[in-house]
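Below: the structure, in structure tokens.
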There are 2 protein chains.
Amino acid sequence: MKRKKNTLATLSQVARAAGVGTTTVSRVINGGDRVSPETLAKVNRAIESLGYTPNHAARVLKGDRTKTIGLIIPSIADPFFSSCAEAAQAVARANDSLLIVVSTGNDLKNELENVNVLAGHRVDGLIIAAANSQRQSLCRLLQSLRMPIVAIDRPILNLNVPSVVANNFLAARSAVRHLIGHGRKNIGCLTGESELFTIQERIRGYRAATKQAGLRCILEASIHDYDSAFRCIERLFQSKYPPDGLFTLKNSTTIFVFEVLQKLGIRMPDPIALLGFDDFELASTVRPSISVVRQPVQDLGRVAAELLFEQLFKSEPREGAGRQTIRTLTLETELICRRSCGCLPSD
Amino acid sequence: MKRKKNTLATLSQVARAAGVGTTTVSRVINGGDRVSPETLAKVNRAIESLGYTPNHAARVLKGDRTKTIGLIIPSIADPFFSSCAEAAQAVARANDSLLIVVSTGNDLKNELENVNVLAGHRVDGLIIAAANSQRQSLCRLLQSLRMPIVAIDRPILNLNVPSVVANNFLAARSAVRHLIGHGRKNIGCLTGESELFTIQERIRGYRAATKQAGLRCILEASIHDYDSAFRCIERLFQSKYPPDGLFTLKNSTTIFVFEVLQKLGIRMPDPIALLGFDDFELASTVRPSISVVRQPVQDLGRVAAELLFEQLFKSEPREGAGRQTIRTLTLETELICRRSCGCLPSD
DNA sequence: ATGAAAGCGCTAACAC
DNA sequence: GTGTTAGCGCTTTCAT
């Protein structure tokens with residue numbers, strides 16, 4: 001009676017119950033090769049009646065794959081990342097693996113801690129959207145893991161890992177060009193947190209487009225809520241060159257700006273054309289419907305996971321292979337034209 | 001040179017490097033009690049230089065808690081469940097545990113499989129929003145796990161597990177009463193998938209309110225997309241008693257119905273008052289803004305996790321305790337009045 | 001076709 | 001304070 005109570009059945013209990021050796025049971029739960037039909041039946045019966053499930057930890061301890069991969073993202077509740085996670089999980093499942101998702105709140109300390117937790121679980125590989133992807137501490141830690149890593153949405157520049165990102169630069173540039181094509185001469189670019197790689201790329205795209213067209217660059221990066229959006233837009237409209245077009249670099253900004261414009265009674269697309277980065281469910285439902293740049297969100301998650309498993313599978317014979325060139329997969333975006341940019345008749 | 005290449009450092013390697021025994025290292029990584037300062041420093045140096053992280057699997061194998069809990073939900077990408085997950089993860093972290101989220105797509109087979117996967121990982125406990133919470137197969141499986149389980153959003157009626165749910169019945173009843181208070185005499189109730197526990201409760205609430213007020217019961221449960229919503233609303237308006245109020249039981253239905261009403265040029269709140277179940281980010285942004293019943297989404301996840309850990313902590317001395325009465329925590333909802341129901345001036 | 005036994009990395013008695 | 005050692009549940013040679 002020294003047995004820990006409350007504990008699930010073990011392989012050797014199954015073996016005893018079935019009157020066979022542990023090896024045989026092991027064979028059965030691993031496909032049942034080299035086992036006679038009768039033995040197989042016996043063992044299966046024992047497994048069934050004891051409600052046996054192999055202990056993953058013990059298998060892991062034997063040193064093979066853990067069949068577990070980690071995904072580190074800023075937030076699970078963020079639709080962008082949760083969609084990525086869902087897609088990645090599907091790929092993991094298809095590869096007989098479990099995806100463990102952890103969120104960091106864009107905080108470096110959490111990030112390091114989470115990496116360590118996943119390392120402790122000996123995940124086979126890691127997908128990461130790093131809060132600040134350039135931190136030395138993070139890079140060193142990731143490097144020391146010696147496991148396949150894929151960066152998603154935000155490349156890790158000073159580390160030799162492949163990344164999967166949307167083509168933020170091109171997307172932004174062509175979005176702004178689109179507004180220019182609608183005859184806009186004073187296009188403002190609005191956003192929050194401008195430290196993020198993605199946002200910076202979009203800003204770069206905005207700059208490229210306006211510069212090439214010889215337009216003023218009106219950049220406001222301080223929009224964190226409705227109030228800051230309100231103040232910002234008020235200010236813009238009182239300035240010497242009030243905007244006739246607005247390019248918002250992220251979902252929440254788009255929404256805040258839209259709300260403010262509505263509140264102020266400023267109509268879209270005239271006098272203001274609005275174009276947002278990132279699509280969202282109700283962009284087509286609001287009036288006017290909002291034109292957006294759509295990222296291939298699901299694809300980001302899927303491709304990142306696929307890339308990871310690819311590395312995983314070929315990582316065995318890696319001694320011989322020369323240092324792989326770093327791959328960055330850039331996924332193309334899509335411009336969804338609705339009413340707020342002036343493409344569709346204004347209802 | 002028999003060492004598996006590519007493998008992370010082990011405790012005994014650290015011990016050797018530091019010139020101490022394994023116990024000492026173990027003590028250090030578990031808080032460093034009963035270790036002299038010098039030894040501690042030595043060991044920590046060794047840990048640092050080897051980039052050592054304790055192998056979780058080995059710890060688990062020793063038989064204690066895995067410090068891991070599972071969350072089974074229909075979809076990670078669904079904002080409702082991802083918010084629950086985020087909140088639950090915070091609680092898990094606070095209890096020094098890892099939350100593993102898996103999604104089932106509301107499919108029983110996936111569900112069973114996922115339960116088995118988590119069982120294999122020997123999670124300490126489980127939070128589950130079951131696709132069909134009444135399935136025998138699921139109940140049997142869960143029962144056989146012998147671990148603390150908490151149901152979320154959808155109670156598991158024929159199993160002795162506590163559940164955390166919003167008060168769907170009361171919420172729906174008072175929502176409908178609210179419409180009645182606005183003078184509505186013909187209130188339609190629209191939804192998709194009516195098998196879900198939550199939806200059924202909401203229907204019950206709708207029935208109770210209309211019955212008590214002596215109103216007709218107009219129930220349409222076949223709205224799965226824009227088109228079905230369109231057909232349904234067209235039909236309702238051609239009927240003998242066209243509705244003057246609409247109560248939509250889930251997010252997507254609310255949105256489809258809103259889109260259709262807009263398309264048909266039917267204004268809100270007159271001639272049609274609209275009230276939806278579940279809040280969403282843009283409900284306040286669309287015109288007219290949509291009145292909704294708001295569930296305490298975060299709380300659901302948080303409370304469920306808290307309840308689970310509570311069970312976990314008191315589960316040791318459980319031989320003596322009589323069979324605990326099943327607890328169902330019912331969280332109250334909130335009616336958010338915007339314009340679509342007629343509460344605010346119609347702008 | 002089947003089993004005995006070693007060992008994966010760690011913790012917890014139990015010695016010293 | 002510190003080290004020795006016996007397992008935890010499983011896979012995997014190596015015999016039979």
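Here is the naming used below: chain letters follow the sequence lines, and residue numbers restart at 1 for every chain.
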| Criterion side chain to side chain contact (heavy atoms under 4.5 Å, CB included) on A:Leu141 and A:Leu112, from CA distance to verdict | CA-CA 8 Å; A:Leu141 179 55; A:Leu112 296 173; 3.8 Å; yes
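- The phosphate of D:dG9 has neither OP1 nor OP2 within less than 4.0 Å of any side-chain N or O from A:Ser12.
- The backbone N or O of B:Thr68 sits nowhere less than 3.5 Å from a side-chain atom of B:His121 that would complete a donor-acceptor pair.
- B:Gln13 places its CD atom 10 Å from the C1' atom of C:dG9, with the value rounded to the nearest Å.
- In this entry the distance linking CG of B:Leu61 with P of D:dC8 reads 9 Å, nearest Å.
- A:Met147 pairs in a side-chain contact (heavy atoms from CB on, under 4.5 Å) with only one of the listed residues (A:Ile69, A:Asp124, A:Leu312, A:Val123), which is A:Val123.
- The phosphate of C:dT11 has OP1 or OP2 within less than 4.0 Å of a side-chain N or O from B:Arg59.
- When the C1' atom of D:dC10 is taken as reference, atom CG of A:Leu8 falls 15 Å away, rounded to whole Å.
- Across the interface with DNA chain D, nearest-nucleotide mapping of B:Ala58 and B:Gly21 shows B:Gly21 to be the residue nearer the 5′ end.
- A distance of 4.0 Å separates OG of A:Ser97 from CZ of A:Phe309, quoted to the nearest 0.5 Å.
- Contact annotation for B:Val60: no contact, since no heavy-atom pair falls under 4.0 Å across all strands.
- Between the side chain of A:Thr23 and the base of D:dT12, at least one donor-acceptor pair of N or O atoms lies under 3.5 Å.
- One distance of note links OG of A:Ser83 with CG of A:Asp299; it measures 11.5 Å at 0.5 Å rounding.
- For B:Arg27 against D:dG3, a side-chain-to-base donor-acceptor contact under 3.5 Å is present.
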| query | Is there a side chain to side chain contact (heavy atoms under 4.5 Å, CB included) between B:Val115 and B:Leu142 once you walk through the steps? | reply | CA-CA 8 Å; B:Val115 171; B:Leu142 290 178; 4.1 Å; yes
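- In this structure, B:Leu11 atom CG and C:dG7 atom C1' are separated by 16 Å, rounded to whole Å.
- The stretch residues 29-39 of chain B comes close to DNA chain D through B:Arg34, B:Val35, B:Ser36, B:Thr39, each having a heavy atom under 4.0 Å from the strand.
- Around atom NZ of A:Lys67, no more than 12 heavy atoms belonging to other residues, nucleotides or ligands sit under 6.0 Å away.
- Atom NZ in A:Lys62 sits roughly 12 Å away from atom P in C:dA6 (whole-Å rounding).
- Residue A:Ser26 places at least one side-chain N or O under 4.0 Å from the OP1 or OP2 atom of D:dT11.
- Rounded to whole Å, atom C1' of C:dC10 lies 14 Å from atom NE2 of A:His121.
- An angle of 40°, rounded to 10°, separates the two end axes of the helix from C:dA1-D:dT16 to C:dC16-D:dG1, each defined over five pairs.
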| request: Evaluate the criterion side chain to side chain contact (heavy atoms under 4.5 Å, CB included) for residue pair B:Ser163 and B:Ile152; output intermediate values, then yes/no. | output: CA-CA 6 Å; B:Ser163 42; B:Ile152 188 171; over 6 Å; no
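- Computed from coordinates, the A:Asn55 CG to C:dC10 P distance equals 16 Å when rounded to whole Å.
- In this entry the distance linking CG of A:Leu50 with C1' of D:dC10 reads 16 Å, nearest Å.
- Atom-to-atom distance recorded for B:Glu113:CD and B:Leu108:CG is 11.5 Å, nearest 0.5 angstrom.
- Contact check on A:Glu86 versus A:Arg302 returns no salt bridge, with no Lys/Arg side-chain nitrogen under 4.0 Å from an Asp/Glu carboxylate oxygen.
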